[in-house]
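See below for the structure under consideration.
Both ligands and their constituent atoms are indexed starting at 1 by order of listing.
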Amino acid sequence: MIGSTENTHRVWTRNWAVALIAGGVALLLALMVLLFPALERVYLSQLGKREASTLTLAVEGLNGSLRRFEALPGLIAERPDLAQLLRDPSDTLLIDRVNDALHQTAEEVGLSDIFLIDRNGLTHAASNHWKDLSFVGQNFAYRPYFTLALSGDQGRFFALGTTSGERGYFFAEAVRDGTEIVGVLAVKFTVDAFEDAWRDGTNDILVQDEAGVIFMASRPDWHFRSLEPLSPEARAAIEDTKKYPMDQLVPLQTSQEVFDDRFRKVEITDNSGGTERFLVQSQMIPEAGWKVSLLTPSEQAWTRAVGTVALSALLLLLVGLIATVVIQRRIQLQERIRAALSMQEELEHRVTQRTAELKDANALIMQEVEERRAAETLLRQTQTELIQAGKLAALGQMAAALSHEFNQPLAAVKSFARNAGAYLDRGEPDKVRQNVGMIDDMVDRLAAISTHLRNFARRPGEKTEPVLLNRALDSALVILEPKMRASGCRVNRDEIDGDIWVLGGQVRLQQVFVNLLSNAVDAMNDVPDPVVDLSLDMDGGGVHVRVRDRGTGMTDAEIAQLFDPFFTTKEPGKGMGLGLSISYNIVRDFGGTLEGRNHPEGGAVFSVTLKLAEAPSLAAAE
Ligand code: ADP
């Protein structure tokens, strides 16, 4: 239950964080979309400011030309030939001279045309007199520059030449004869060169007159168009002065938006329906009443604004993405740490639990060990007591035979002593010495028997040490000699070269051999020529001592119980059934083994295997 609540909490936290980031990013994106027009205007302003110099240059260029040509009509009008010609227009020679002079002047100063008009508007001489479309003979009385000049003012006018069909700017001044105005001198300069220069740049430039008609433009198709529809009065005035071709006075399809005191956005749709967007800035040339406008394609500002928004959006998304990833990572890390902590807690809990269980089990084992140890101690004690009892019983059994054994030598000693006395009386010292020597032998033998008996009766030490196998066998045979002799048993014993040291206890080992030999003798009670084979060999496992008899052997049931305490087949009073059991335990204490089986050729064979030991140092051996 707790786990599932935690999970829900985690998922909730994660979703919440992601939603917050997504919401923030969306909000910022929306803000950017809202701010887009403002951003676009900023870029448009920057663009306009950058291009403002182009407009200034164009205005300065136009102004320069106007100023340059402005003074010319006045200067030329002062030539006396002109007034004279106007006084006498029939003087063909003078006309030719004036024509040539005007042509030459036009060439020199870069004017398109210079022409001389009389008071009625009729042209008498012109720099283009030699051309087919010469002004000579044309009447310009309808032109405002003519009427203005005739009244004494400076006439200036922009118009499409009615004769030449070329757009041009006209300046006119009165030609005076004395103080009397006798005619007008007009000059015209064309504007094509300006337009050619304007076409080189990325911007478009157009010039409008007071009425708003575009009379100069870097694009020829804008000529005589207007950005806004013309008023009827303006149209009428144009028609009167034949300023522009009326059929071309069609407004452009535009839409305008002013966003700054300097700049405005203008969309121009051409005849084919294609729309172009411009940033427009204008400057006036007051003397001429012109408005010069610079049109800069505004796409780049729009593109920059879109680019900025897109880049910012991308950056925002990236930041959002990174934030999401970082938060996800952090949450994952926290989850992992939490999981690790809970796993650790679980582990610690399990360890504590397992430790408690182990402690309980340990206590149980300790208790069992204690019980086993107590049982073992009891068993050992019982065994020790049994060994002792067995020894005492054996001692009891042997006591009768031993008393016989002791009595015999004692009787012999007595008779040797008596004989020695008799030989002494008879003066036979050699015989005396012989008898005394025999007495000595007998006493030695009695002492040996006595020593073995004392050893037998003593409780054996528990520890094992290197002991001489030869000596143990010898002692056993000495102890059993009376029994063997009584039963007429022979011992067929392997010769042993040198001392063989084994791990054990001298008395206990001797006791084992006494038991085995004694049993062998017992087993051959009814055998005519009883023989015990005592053989010995060594291998990697240790020393093997085999005691083999020629008796009746053992049944399988007997073999199975041989080493059980109190198992005996002997009649009561003859056996206690402890010999083999005790011997088995003794040999096991020595780290050896005791086995009993039937010999293939009849009789039983008992094998004692003992561990070989290093000979102890001399002092210890003694
Ligand atoms: P005990 O000699 O007092 O009976 P042991 O433990 O020495 O006790 O022997 C147990 C029994 O094992 C004997 O009663 C006998 O039946 C059998 N046994 C031991 N040695 C021999 C042997 N060499 N041949 C046949 N049976 C044997």
(request) Answer yes when Glu595 and Arg597 have at least one side-chain N-carboxylate O distance shorter than 4.0 Å, and no when they do not. (result) no
(request) Check each of Asp522, Leu562, Leu517, Ile559 against atom 17 (C) of ligand 1 and report the one with the nearest heavy atom. (result) Leu562
(message) Under a 4.0 angstrom heavy-atom cut-off, which atoms of ligand 1 come close to Phe567?
(response) 10 (C), 11 (C)
(message) Can you confirm, on distance only, whether ligand 1 has an N/O atom lying under 3.5 Å from any N/O atom belonging to Asn519?
(response) yes
(request) Return yes when Glu558 approaches ligand 1 closer than 4.0 angstrom through a heavy atom, no otherwise. (result) no
(request) For atom CZ of Arg50, decide whether the heavy atoms of other residues, nucleotides or ligands shown that lie under 6.0 angstrom number more than 12. (result) yes
(message) Checking Leu39 against Arg304 for the side-chain contact (heavy atoms from CB on, under 4.5 Å) test, could you report, in this order, the C-alpha distance in whole Å, the side-chain angles of both residues, the deciding distance, and whether it holds?
(response) CA-CA 9 Å; Leu39 192 68; Arg304 273 185 75 189; over 6 Å; no
(request) Could you tell me which atoms of ligand 1, counted from 1 in the order shown, lie closer than 4.0 angstrom to a heavy atom of Thr568? (result) 1 (P), 4 (O), 14 (O)
(message) For Glu614, I'd like to know if atom CD has over 12 heavy atoms of other residues, nucleotides or ligands within 6.0 Å.
(response) no
(message) Can you tell me if Gly553 contacts ligand 1 (heavy atom of the residue under 4.0 Å from the ligand)?
(response) yes
(request) Heavy-atom contacts with Ala523 under 4.0 Å: which atoms of ligand 1 show up? List them by number with element. (result) 22 (C), 23 (N), 24 (N), 25 (C)
(message) Heavy-atom count check: over 12 atoms from other residues, nucleotides or ligands less than 6.0 Å from Tyr584 OH?
(response) no
(message) Out of all atoms in ligand 1, which are within 4.0 Å of some heavy atom of Met554? Include the element for each.
(response) 25 (C), 26 (N)
(request) Examine ligand 1 and decide if any of its atoms is less than 4.0 Å from a heavy atom belonging to Asp549. (result) yes
(message) Take a 6.0 Å sphere around CG of Asp556 and say whether it holds more than 12 heavy atoms from other residues, nucleotides or ligands.
(response) no
(request) Answer yes or no: is there an ion pair linking Lys483 with Asp522, defined by an N-O contact shorter than 4.0 Å? (result) yes
